[in-house]
Amino acid sequence: MFHLRTCAAKLRPLTASQTVKTFSQNRPAAARTFQQIRCYSAPVAAEPFLSGTSSNYVEEMYCAWLENPKSVHKSWDIFFRNTNAGAPPGTAYQSPLPLSRGSLAAVAHAQSLVEAQPNVDKLVEDHLAVQSLIRAYQIRGHHVAQLDPLGILDADLDSSVPADIISSTDKLDLAVFKERLRMLTVGGFYGLDESDLDKVFHLPTTTFIGGQESALPLREIIRRLEMAYCQHIGVEFMFINDLEQCQWIRQKFETPGIMQFTNEEKRTLLARLVRSTRFEEFLQRKWSSEKRFGLEGCEVLIPALKTIIDKSSENGVDYVIMGMPHRYGRLNVLANVIRKELEQIFCQFDSKLEAADEGSGDVKYHLGMYHRRINRVTDRNITLSLVANPSHLEAADPVVMGKTKAEQFYCGDTEGKKVMSILLHGDAAFAGQGIVYETFHLSDLPSYTTHGTVHVVVNNQIGFTTDPRMARSSPYPTDVARVVNAPIFHVNSDDPEAVMYVCKVAAEWRSTFHKDVVVDLVCYRRNGHNEMDEPMFTQPLMYKQIRKQKPVLQKYAEVLVSQGVVNQPEYEEEISKYDKICEEAFARSKDEKILHIKHWLDSPWPGFFTLDGQPRSMSCPSTGLTEDILTHIGNVASSVPVENFTIHGGLSRILKTRGEMVKNRTVDWALAEYMAFGSLLKEGIHIRLSGQDVERGTFSHRHHVLHDQNVDKRTCIPMNHLWPNQAPYTVCNSSLSEYGVLGFELGFAMASPNALVLWEAQFGDFHNTAQCIIDQFICPGQAKWVRQNGIVLLLPHGMEGMGPEHSSARPERFLQMCNDDPDVLPVKSDPSQAYCSVFQLIIFTPKSLLRHPEARSSFDEMLPGTHFQRVIPEDGPAAQNPENVKRLLFCTGKVYYDLTRERKARDMVGQVAITRIEQLSPFPFDLLLKEVQKYPNAELAWCQEEHKNQGYYDYVKPRLRTTISRAKPVWYAGRDPAAAPATGNKKTHLTELQRLLDTAFDLDVFKNFS
Ligand SMILES: Cc1ncc(C[n+]2csc(CCOP(=O)(O)OP(=O)(O)O)c2C)c(N)n1
Ligand SMILES: [Mg+2]
């Protein structure tokens, strides 16, 4: 708009013939875009009709006049001639003139021109009014579209008709229509009146209602606008700030007769509705007292999804990843969209079915699915995957996106032409859950985009028992999608053809612009929240109407029969054919005695598992690297591996220090991370590190992305310059989201077992805004869905006097989720025998230790033959004379450095041994037993800097006691219990620290308790 206004303001007076020549040389024949060269010098403010939306229209007229002065109305011709003849700005037609704008002479001159052409004013105003009217329909027509199949609630929660639309909610009632027209015209919003209805108006290029016509009578303009925008489809798109995209949508919805279906398409639609409807009826007949969260009231969802998939397949997509809640017909989607064998679904209703897999398993409507088949409409292969999900509505959204991104990444689909996602939402959840917003904000970020998701909202106008008028503040449940400029197509789901049409357009939009799009299926929920629930308690009027509502299948069948597209026997035959399919599958389902959850995997990892479903390898190979490799990675990490690249002076110093460390054969944490990543990349393992500010590192220690100080956006990732055939390294700063981004990375990690996907929290405590992903997916995912996931969480943790925030990554919570039994000593001490849900996934990373001079390792500790050490035993003087040791302190993390400093200061290196536990879960019972046995005269104490009710104590103590068969007490040296993770007062922090060190080294302190 700004652009057009500016252009219009620059129109310069030229004679028509002069300008036509220049103009036609400067633009392609068909294009009707405005060329800057044609400039009209009047400032916008001087021509009131050039303000707002009218400038488009005047510009149109001017273009037409330049090409052929006779092509416009005589009044326009005169107006432009007056202008070009030198009528001062604002005086060519204006009446009355703002005195402040021109000289009295100019006013007099203009007045004479206007008087010479008395109809000009009216004509210009009328054309502008018509243009405004067209635009009003495009912007607000959806507010009067007939979207609610029940006809009782307005989909936008507002029953008023926008003031600038000449529509009536009862469009067939001419009297109402006339009254509305009168209200808008008499005295008028538009200055039009009834006599104008038969006048012919030129149409601007911003509308397609004309089809082949460039002008139409006003009556027909209104009728066509009503057809396009106020029937069963409400199109919300005018907030999109891209002209091409707006034109594309206008063309799809305004072109007369564009919504046509062949008889074949209608029959396919009917057949799909038959399947959708009869599937639910079949379940209802067989298991009338079971919850199934059926689709009744939105049966059109199945043909809608199939249309999106057909159309996308036609456009080259061969893998569709879907996410949906447990609700509205998930089983139906599995059966009729993904095409899971019906007997596999039906057998799950059998309460005697035995579970074959370890773990908890999950209810049938949470399980995922992966299926490759031929798309019958396009005859192309298509893979469909429905991601398993928890009850937590919308939680699967970012997971689906992440998986989609990974599948695109691994098949080189850089533009999302082959792999796409479809997300289903409920109206209440879409509006209410913040994760929806977080996920939308990932949609256009370079390292997170999946190049467009098709969102389908099952808008049954209720959330459990809550009326939408109490559940959201936005007009539509879909308003959240506006933040990413996604077009939103609201559609009345009792009009199946309208639904199919918007789904087709949505799929085309995605394949044309590779951006998100929303289909809002305005429907109803025939039953209660589930099939057992009584909806009349809370929605009496709505449900009175629903009881009267004819099912959509019946309605559509009647329409097609009346059109002669099918006849009644054909329709009935279609029904009995599908019923028979269901019955036969039901008979077969009785043979299923065992439920294998692994048959419900959404992301199979071919080759990773044995036929029994066990991972092929659980050994922990040596992690050592040769000196050459260590040196090579170290050298790359301390250099800028591209030419003519200027880095910041401070960074040069950091890299120089790294280089010196490499010469001295030592590593700090950042360099060690480089070594770890670099060596995996060498082995062909893709690594993706994502999170807030991970490229540099929150603590400015990492610097995996170098920035040229002279060229905007020129960056270098040295890690990608290690070896010619290495795997790619992806490191990406994320949006400021934890829930969304962790979910996304979890989804990314689902796609392949041969990748290392890491998510780093800015500070460890921020993980709790992503708690749902941890509690519902990471921890129980394997138990519920037999689905492994290799995601790694890096959580900066440590008590450093920074206050209650930023101190604790809450290790106690992760440990509480682990399922190794504190009271059972594993029979074999091999860690691979221990089964744990959050197995080696959570790493509590350091902050101050990143720069601690003692937190360094030598290359020697990383050479071939070295392994990850689950426990680092005491190796100082205490270990030389273990009988003399009075106390064996166990600890983990950074408190070790405080303990060793204090021990040295107190000259107790021979009396107190300190053993570090590096892997808390699975608990290293075997190694700790050896440690305890080594120091027969030592008291045992656990030391931690976290408060007593936090940290590791509650986890470690019972396990240590089991290790030693409860032969001795395990004492505690640490802070008292507290509600906050840390004090905000620096002095208190230091006092607390000193107290815990005093306890740790006071050899008499526990005497009174024994
Ligand atoms: C995060 C979350 N909060 C609460 C619930 C409980 N719950 C289950 S369904 C439902 C209503 C959902 O309404 P809507 O999104 O409109 O979907 P519908 O049930 O109407 O299909 C609620 C609140 C849940 N499953 N997830
Ligand atoms: Mg709902």
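Whatever order the structure lists ligands and atoms in, that order sets their numbers, starting from 1. One-based numbering along the sequence shown.
Residue pairs meeting the ring pair (Phe, Tyr, Trp, His ring centres under 6.0 Å) criterion with at least one member in residues 522-552, sequence neighbours excluded: Phe464-His529.
In this structure, Trp759 has its ring center at least 6.0 angstrom away from the ring center of Phe744.
Within 4.0 Å of ligand 1, contacts by protein heavy atoms are made from Arg327, Tyr328, Ser391, His392, Leu393, Gly426, Asp427, Ala428, Ala429, Gln433, Asn460, Ile462, Gly463, Phe464, His529.
Look at Ile462 and the Mg ion (ligand 2): an N/O/S atom of the residue is under 2.8 Å from the metal. For residue Asn460, an N/O/S atom approaches the Mg ion (ligand 2) to within less than 2.8 Å.
Geometrically, Lys340 engages Trp600 in a cation-pi contact, judged by NZ or CZ lying under 6.0 Å from the ring centre and within 45° of the ring axis.
With rounding to the nearest 0.5 angstrom, the CD atom of Glu760 is 12.5 Å from the CG atom of Leu742. One finds the CE atom of Met324 at 8.5 Å from the CG atom of Asn389 (value rounded to the nearest 0.5 Å).
Look at Arg525 and Glu296 and you find no salt bridge, because none of the NZ, NE, NH1 or NH2 atoms lies under 4.0 Å from a carboxylate O.
For Thr449 (side chain) and Ser443 (main-chain N/O), a donor-acceptor pair under 3.5 Å exists by modelled atom type.
In terms of distance to the Mg ion (ligand 2), the nearest N, O or S atom of Asp427 is named OD1.
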